[in-house]
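We count ligands from 1, going down the list as the structure has it; atoms in each ligand are counted the same way.
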Amino acid sequence: MRILAIETSCDETALAIIDGTGDLSSPNFKVIGTALYSQIETHKQYGGVFPAVAKREHAKKIVPLLDSLFKNSPISFSENNKELTNSEKNILKNLLSREPDLYETLINFIETSKKPDIDMIAVTMGPGLEPALWVGINFAKALSIIWGIPVMPTNHMEGHIVSVLKQVEDLDKNKTDISFPGIALLISGGHTEIVLIKNWGEYQILGATKDDAVGEAFDKTARLLGLPYPGGPEISRLADIIRQNNITQSQKTMAEIEAEKIEIKLPRPMMNSGDYSFSFSGLKTAALYLIKKLEQEKKLTQEVKSRIAFEFETAATEVLLSKTKKAISEHGAKTLILGGGVTANKYIRDIFSKLANDNLKVFVPERELSTDNAVMIAIASYLKSFIVKPEINPEIIASGNLKL
Ligand code: KG4
Ligand code: ZN
């Protein structure tokens, strides 16, 4: 089955075409083409993602992206350009009434592009920023109406879980290694969840954050340290300086020696709560007080900032690790899957990869599939197609808090 997937839940406009084959017990995926536009540069100016800005950017970029995806992918087209009738144009105009610019560019594109040989369109319906989600949903519905292709509404978090299947296909020999039950640790800018995977499509959330997501805490703490958005990679970069610092005491600079004298300790919130809940806003607040205090004492040097980043990354990782291990042992998991933007963090990837043993396989997505992308949405929609039949122009409502 050839799938065109659309992902606009946050600040990446992402499209992908993949071929899905095989049944639920051994699905296979081949990526035919991808196109992605990251809005990070736009959001940097504001220090975070504003939904209205994200929506505007998606609406501006999605048609040119589809155009480039079609031009750069080895796909076939079955019908010639389509001259839209006035009634078709009216239907699309109504559908895209909140995205008038998108309507204009889409009409131009459709009238100059042939119908692609695609069997299903997958689109993220949630969770995410609703104004941003609506752009993808309405775009998917418009294409569905024009080309008569059915649409599968897809859960973004399921996408993060199944993104490792792309990798498994690449490493063909490992294909049978995903056995159930499995545990997924989903860590991103919007989510921190531990999920029990009974089978593909059968998930149970064991616990989640009560306040900030772990990526959000990385980003907020980075901001307190005066680092640019998104702060996760910046914290990780500073923390790595300390982690890799294997020089001897005598080789250290005065500033490094001074920084080491300062006690930098952050809490591990809820680490021993006995359940799978998280709270990362407490960690961020503790970082806030520490940074303020050191600032007042004029001790917040670059070296001290790196040590805070190191302590923050260590604290967050310890909490994630402790709860994940508990879930693995309590549920006899045979597989651990990591997903979400924070798995791009090198330290976290390393620490969790080390959990692998004869009884536990660990899958960490490729870096490009850790952050938001459309390949994962295509994979999730393929798995879902065994359970739910996609429809042409279905009723879909963007759901900011959609649960697994
Ligand atoms: O999954 P994602 O791309 O978008 C959401 O759905 O949220 O995750 C983005 C999050 C951001 O909070 C970003 O700071 C964090 O992932 N992130 C990292 C790293 N790279 C991205 N956090 C820690 N270390 C990293 N290297
Ligand atoms: Zn995500």
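Nearest-heavy-atom check against atom 16 (O) of ligand 1 across Gly232, Gly231, Gly341 picks out Gly341. Around atom 10 (C) of ligand 1, the closest heavy atom drawn from Gly189, Ser38, Pro233 belongs to Gly189. Nearest residue to atom 5 (C) of ligand 1 from Val214, Thr317, Asp372 is Asp372 (criterion: closest heavy atom).
Salt bridge present: Lys252 and Glu260 bring a charged side-chain N and a carboxylate O closer than 4.0 Å. Ion pair Glu295/Lys305 not flagged as a salt bridge, since none of the NZ, NE, NH1 or NH2 atoms sits closer than 4.0 Å to an Asp/Glu carboxylate oxygen. For the pair Arg307 and Glu311, the salt-bridge criterion is not met [side-chain N within less than 4.0 Å of a carboxylate O]. Taking a cutoff of 4.0 Å between a charged side-chain nitrogen and a carboxylate oxygen, Asp117 and Arg2 do not qualify as a salt bridge. Ion pair Lys299/Glu297 flagged as a salt bridge, since at least one NZ, NE, NH1 or NH2 atom sits closer than 4.0 Å to an Asp/Glu carboxylate oxygen. The residues Asp19 and Lys30 are annotated as not salt-bridged, no charged nitrogen and carboxylate oxygen being separated by less than 4.0 angstrom. No salt bridge links Arg56 with Glu99; every basic N to acidic carboxylate O contact stays at or beyond 4.0 Å. Between Lys346 and Asp350, at least one side-chain nitrogen of the basic residue sits less than 4.0 Å from a carboxylate oxygen of the acidic one, meeting the salt-bridge criterion.
The N/O atoms of Asp219, backbone and side chain alike, include one that comes under 3.5 Å of an N/O atom in ligand 1. For the pair Asn345 and ligand 1, the shortest N or O to N or O distance falls below 3.5 Å.
For the pair OD1 of Asp372 and NE2 of His160, the angle whose vertex sits at the Zn ion (ligand 2) is 100° to 10 degrees.
Between Phe70 and Phe77, a ring centre-to-centre spacing shorter than 6.0 Å is recorded.
Within the 4.0 Å heavy-atom criterion, both parts of Val342, backbone and side chain, lie near ligand 1. Proximity of His160 to ligand 1, defined as any heavy-atom pair under 4.0 Å, is confined to the side chain (atoms from C-beta onward).
Taking 2.8 Å as the threshold, His156 counts as a candidate ligand of the Zn ion (ligand 2), since one of its N, O or S atoms lies below it.
Residue Gly215 approaches ligand 1 through these ligand atoms, each under 4.0 Å from one of its heavy atoms: 12 (O). With ligand atoms numbered from 1 in the order given, ligand 1 contributes 7 (O) to contacts under 4.0 Å with heavy atoms of Gly190. Every atom of ligand 1 is numbered from 1 in the order shown, and the set under 4.0 Å from a heavy atom of Ala344 is 20 (N), 26 (N). Atoms of ligand 1 lying under 4.0 Å from at least one heavy atom of Thr371, given by number and element, are 3 (O).
Residue contacts with ligand 1 leave out Cys10, since none of its heavy atoms falls under 4.0 Å from the ligand.
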